[in-house]
Amino acid sequence: MVRIIRALSSEKIGAHIVVMGWVRTKRDSKAGFSFIEINDGSSLKGLQIIADAELPNYKDDIHKLVTGCAIKVTGSLAASPGKGQTVELKADKIEVLGWADPDSYPLQKKRHSFEFLRSIAHLRPRTNTFGAVARLRSSVSHAIHSFFQERDFIYIHTPIITGSDCEGAGETFRVTTLDLENVPKNGNQIDFSQDFFGCPANLTVSGQLEAEIYALSMGDVYTFGPTFRAEDSNTSRHLAEFWMVEPEMAFCDLDADVSLSIDFLKYLFAYVLNNCTEDMQFFNRFIDSSLLKTLEALITRDFEFITYTEGVELLLKAGEKFEFPVQWGVNLHSEHERYLCEKVFKRPVVVVNYPRDIKPFYMKLNEDGKTVRAMDVLVPGVGEIIGGSQREDDYDTLFERMKKTGINVDDYWWYLELRKFGSVPHAGFGLGFERLIQFLTGLDNIRDVIPFPRTPGNVSF
RNA sequence: UCCCCAGUAGCUCAGUCGGCAGAGCAAGUGGCUGUUAACCACUAGGUCCGCGGUUCAAGUCCGUGCUGGGGAGCCA
């Protein structure tokens, strides 16, 4: 069997091949043959099959083919006299592998709304858009590994289930085997000693703390895996289950962290333009017509680079009426980030050195004692795509901050101990994989860039 | 979780001032054509999201619930 992408590109005219796929559309000609376009997911473009009425099962099978049927075609590749394709397959034999009743098959030869397609997530990868998204996710995943492997980073598999309520930030999903109908109690408290792990356990909200362990042994490492947040977020850029890329580098400060994140993004932009050309052109044509232009410009152009304090000054000078007033010390709101990114600079912006009190305990305190070495990369349309920082590597400073922010230092004894034995400056960042795919495709809703979105009230499929 | 909007044929939607339920596409039938989301004609297709209320009369007005969308917060 030959994948259609190969039949279209590398197979020679006259080659005798077998292809299998799903019928996208069929056009009958009473002159004595049918055009059948099939797609097997290997490429956006399908293969046109020429089915002659002389074929033995033409009346019984081929004539009845409709969108969604699965077929196996044996034939020879020929130059196509028609417009729209260079080659086509002249069928010697067509077998129907699976029928699709046109009265109940929900996909049609027309545009469907993304909302409707979400309700049929088991069939939506058969559409152009979701096929393209799936291929792009696969290619970008590959590129992520290539980028880090080429730079001698070690891929670390951090745990999905964790015993500590990581960072104390973000609601977590509890993992338990306790009988919820009859929870064992110690007085009023749940008796977790009877639970599977003998203590409370959660799904990870970040692999960072464990990645730091390996960075402080192996230098440059990265993780790439699923992450879980039980927040009741109902927006076009939040998922309860999403994928995150988290590099962590020893002997690294914030400046090096920032420049790696920019190199990383530019590498990925260039990769998809060079390797996912057909799918990217599709997104450019049907989703966002400025996509290719924007990505091409970003590869050569510098990102904007400002401090939080400069950002606040720009916003105060802007004379814009914001719903949330701007003031040094409060977090930048969505409208502020968008203003800086989309109005002031019109390109990705890196913001560094945020106030200490609005950032997590593990970020490295600056000499001013008021700000931390944090960085966010903001992109037009999506907002925050990367968040990172240099980590606090001084034992006493970290201990004090944990105490102050109410983190249980006993639970994080191992994290503190890393600052006791051979502590070195280190830094890292987290990239939201789906937000990157949103930026690369121009798709508005994050639920349309992951195969099976998990959001509050939705775990179907 | 909060604010706003929407829910009508398989899909995308229209439905005026409260007065007979509509179109395009898809499907079925027939015609035509090396066709390109093919084209032309005809046919069939409805719990107007659920529940309650106002009214002679509700798709339309009111209340409520559910689902979806946009925005906000939280964040990647």
Side-chain angles (χ1 to χ4, degrees), chain A residues 24-37 45-52 64 66-68 78-85 88 90 100-120 127-128 167 169-171 205-208 224 226-246 261 286 322-324 330-338 358-360 376-379 382-388 429-439 444-450 455-458 460:
Chain A
R24 281 292 178 84
T25 176
K26 179 181 61 110
R27 299 174 286 272
D28 295 323
S29 167
K30 279 282 151 56
F33 52 93
S34 293
F35 302 98
I36 306 164
E37 191 185 325
K45 214 178 193 63
L47 181 63
Q48 176 162 284
I49 310 295
I50 307 298
D52 199 282
K64 293 177 188 157
V66 288
T67 306
S80 176
K83 286 178 202 155
Q85 63 280 316
E88 60 191 24
K90 290 220 181 293
D101 175 17
D103 285 330
S104 48
Y105 187 66
L107 288 174
Q108 299 166 9
K109 296 182 280 189
K110 61 165 247 179
R111 247 187 116 95
H112 291 284
S113 69
F114 291 134
E115 290 85 353
F116 170 66
L117 292 171
R118 262 171 239 153
S119 71
I120 50 165
T127 64
N128 286 334
E167 304 178 36
E171 295 293 314
V205 295
S206 166
Q208 180 200 317
F224 182 16
T227 305
F228 308 89
R229 305 268 167 100
E231 277 140 18
D232 193 8
S233 299
N234 286 288
T235 81
S236 56
R237 55 190 191 285
H238 285 88
L239 290 165
E241 177 183 286
F242 64 98
W243 286 67
M244 190 151 65
V245 182
E246 295 179 285
S261 72
F286 291 104
F322 295 113
E323 194 191 336
F324 296 92
V330 300
N331 218 337
L332 297 181
H333 286 264
S334 209
E335 55 174 343
H336 308 137
E337 295 180 347
R338 291 185 76 118
I358 58 171
K359 288 293 181 184
D376 282 354
V377 180
L378 314 174
V379 295
V382 179
E384 187 180 342
I385 197 170
I386 281 178
F429 63 81
L431 167 97
F433 184 68
E434 280 73 23
R435 289 192 182 172
L436 173 70
I437 301 296
Q438 273 189 283
F439 185 67
D444 288 329
N445 199 311
I446 202 165
R447 298 173 181 105
D448 298 324
V449 297
I450 189 165
T455 53
N458 196 349
S460 304

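The figures here come from the full heavy-atom set of this structure, side chains too, leaving out hydrogens, waters and symmetry mates. Proteins come first, then strands; the chains are lettered A, B, ... in the order of their sequence lines, and each starts at number 1.
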Counting only distance, no hydrogens or angles, is the base of [N] paired donor-acceptor with the side chain of [X] under 3.5 Å?
{"X": "A:E37", "N": "B:U36", "answer": "no"}
{"X": "A:H112", "N": "B:C11", "answer": "no"}
{"X": "A:R27", "N": "B:C39", "answer": "no"}
{"X": "A:K64", "N": "B:G28", "answer": "no"}
{"X": "A:E115", "N": "B:U12", "answer": "no"}

Can you tell which of [options] lies closest to the side chain of [X]?
{"X": "A:R435", "options": "B:G73, B:A27, B:A76", "answer": "B:A76"}
{"X": "A:E384", "options": "B:C74, B:A76, B:G69", "answer": "B:A76"}
{"X": "A:E231", "options": "B:G70, B:C74, B:U35", "answer": "B:C74"}
{"X": "A:S334", "options": "B:G73, B:A76, B:U12", "answer": "B:G73"}
{"X": "A:E88", "options": "B:C75, B:G34, B:A72", "answer": "B:G34"}
{"X": "A:N445", "options": "B:G34, B:G70, B:U36", "answer": "B:G70"}
{"X": "A:D103", "options": "B:A72, B:A27, B:A76", "answer": "B:A27"}

Hey, does [Y] have a side-chain heavy atom less than 4.5 Å from the side chain of [X]?
{"X": "A:R27", "Y": "A:Q48", "result": "yes"}
{"X": "A:L107", "Y": "A:I120", "result": "yes"}
{"X": "A:I385", "Y": "A:F439", "result": "yes"}
{"X": "A:S334", "Y": "A:R237", "result": "yes"}
{"X": "A:R447", "Y": "A:N458", "result": "no"}

Whether the side chain of [X] engages the backbone of [Y] through a donor-acceptor N/O pair (distance < 3.5 Å, no angle test) should be reported.
{"X": "A:Q85", "Y": "A:K83", "result": "yes"}
{"X": "A:E246", "Y": "A:G207", "result": "yes"}
{"X": "A:T67", "Y": "A:R24", "result": "yes"}
{"X": "A:E241", "Y": "A:P226", "result": "no"}
{"X": "A:D232", "Y": "A:N234", "result": "no"}

Exercise for review: Identify the residue among A:V449, A:T455, A:T227 that makes a side chain to side chain contact (heavy atoms under 4.5 Å, CB included) with A:L239.
Suggested key: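 One option only clears the test, and that one is A:T455.
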
Check your understanding: Looking at A:R435, A:R229, A:E434, which hits side chain to side chain contact (heavy atoms under 4.5 Å, CB included) with A:H238?
Key ->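 With A:H238 as partner, side chain to side chain contact (heavy atoms under 4.5 Å, CB included) holds for just one option, A:R435.
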
Tell me whether the side-chain N/O atoms of [X] come closer than 4.0 Å to OP1 or OP2 in [N].
{"X": "A:H333", "N": "B:G73", "result": "yes"}
{"X": "A:R118", "N": "B:G69", "result": "yes"}
{"X": "A:T25", "N": "B:A38", "result": "yes"}

Could you tell me the Watson-Crick or G-U partner of [N], where both distances fall under 3.5 Å? Say none if there is no partner.
{"N": "B:G30", "answer": "B:C40"}
{"N": "B:A72", "answer": "B:U1"}
{"N": "B:U12", "answer": "B:A23"}
{"N": "B:G50", "answer": "B:U64"}
{"N": "B:C17", "answer": "none"}
{"N": "B:U55", "answer": "none"}

Give me the distances for all protein-to-nucleotides 1-6 of chain B N/O pairs that come in under 3.5 Å?
| from | atom 1 | to | atom 2 | distance (Å) |
| --- | --- | --- | --- | --- |
| B:U1 | OP1 | A:D232 | OD2 | 2.9 |
| B:U1 | O4 | A:D232 | O | 3.4 |
| B:U1 | O4 | A:N234 | ND2 | 3.0 |

Could you measure between the two [atom1] atoms, the one in [N] and the one in [M], and give it in whole Å?
{"N": "B:A21", "M": "B:G45", "atom1": "P", "result": "15 Å"}
{"N": "B:A44", "M": "B:U29", "atom1": "P", "result": "15 Å"}
{"N": "B:C4", "M": "B:A9", "atom1": "C1'", "result": "29 Å"}
{"N": "B:G24", "M": "B:C39", "atom1": "P", "result": "13 Å"}

In this structure, how many angstroms lie between the [atom2] atom of [N] and the [atom1] atom of [X], rounded?
{"X": "A:I446", "N": "B:G69", "atom1": "CD1", "atom2": "C1'", "result": "16 Å"}
{"X": "A:I450", "N": "B:A76", "atom1": "CD1", "atom2": "C1'", "result": "12 Å"}
{"X": "A:Q48", "N": "B:G34", "atom1": "CD", "atom2": "P", "result": "13 Å"}
{"X": "A:L117", "N": "B:G69", "atom1": "CG", "atom2": "P", "result": "12 Å"}
{"X": "A:F429", "N": "B:A76", "atom1": "CZ", "atom2": "P", "result": "13 Å"}
{"X": "A:K90", "N": "B:U35", "atom1": "NZ", "atom2": "C1'", "result": "12 Å"}
{"X": "A:I50", "N": "B:U33", "atom1": "CD1", "atom2": "C1'", "result": "14 Å"}
{"X": "A:L436", "N": "B:A76", "atom1": "CG", "atom2": "C1'", "result": "11 Å"}

Practice item. Measure the acute angle between the ring planes of A:F224 and A:W243, then classify it against the limits of 30° and 60° as parallel, tilted or perpendicular. Key: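 A:F224 and A:W243: perpendicular rings.
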
Review point. So which one's nearest nucleotide on RNA chain B is more toward 5', A:D28 or A:N331?
Key: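 The residue whose closest nucleotide sits nearer the 5' end is A:D28.
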
**Study point:** First of A:R338 and A:W243 reached from the 5' end of RNA chain B, by closest nucleotide
**Key:**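 It is A:R338 whose nearest nucleotide is closer to the 5' end.
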
**Study point:** ring centroid sep under 5.5 Å plus plane angle under 30, A:F242 with B:A76
**Key:**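 According to the criterion (under 5.5 Å, under 30°), yes, A:F242 stacks.
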
Write out a two-atom table: protein N or O, nucleotide N or O from nucleotides 23-26 of chain B, distance below 3.5 Å.
| from | atom 1 | to | atom 2 | distance (Å) |
| --- | --- | --- | --- | --- |
| B:A26 | O4' | A:Q108 | OE1 | 3.4 |

Point to revise | Sub-6.0 Å ring centroid separation between A:H336 and A:F322 | key: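 Yes.
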
Any protein N or O atoms within reach of nucleotides 41-44 of chain B? Criterion: under 3.5 Å, listing atom names and distances.
none

Point to revise | Residue A:D444 excluded, over 12 heavy atoms near CG under 6.0 Å | key: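 No - once you tally the heavy atoms of other residues, nucleotides and ligands closer than 6.0 Å, there are 12 at most.
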
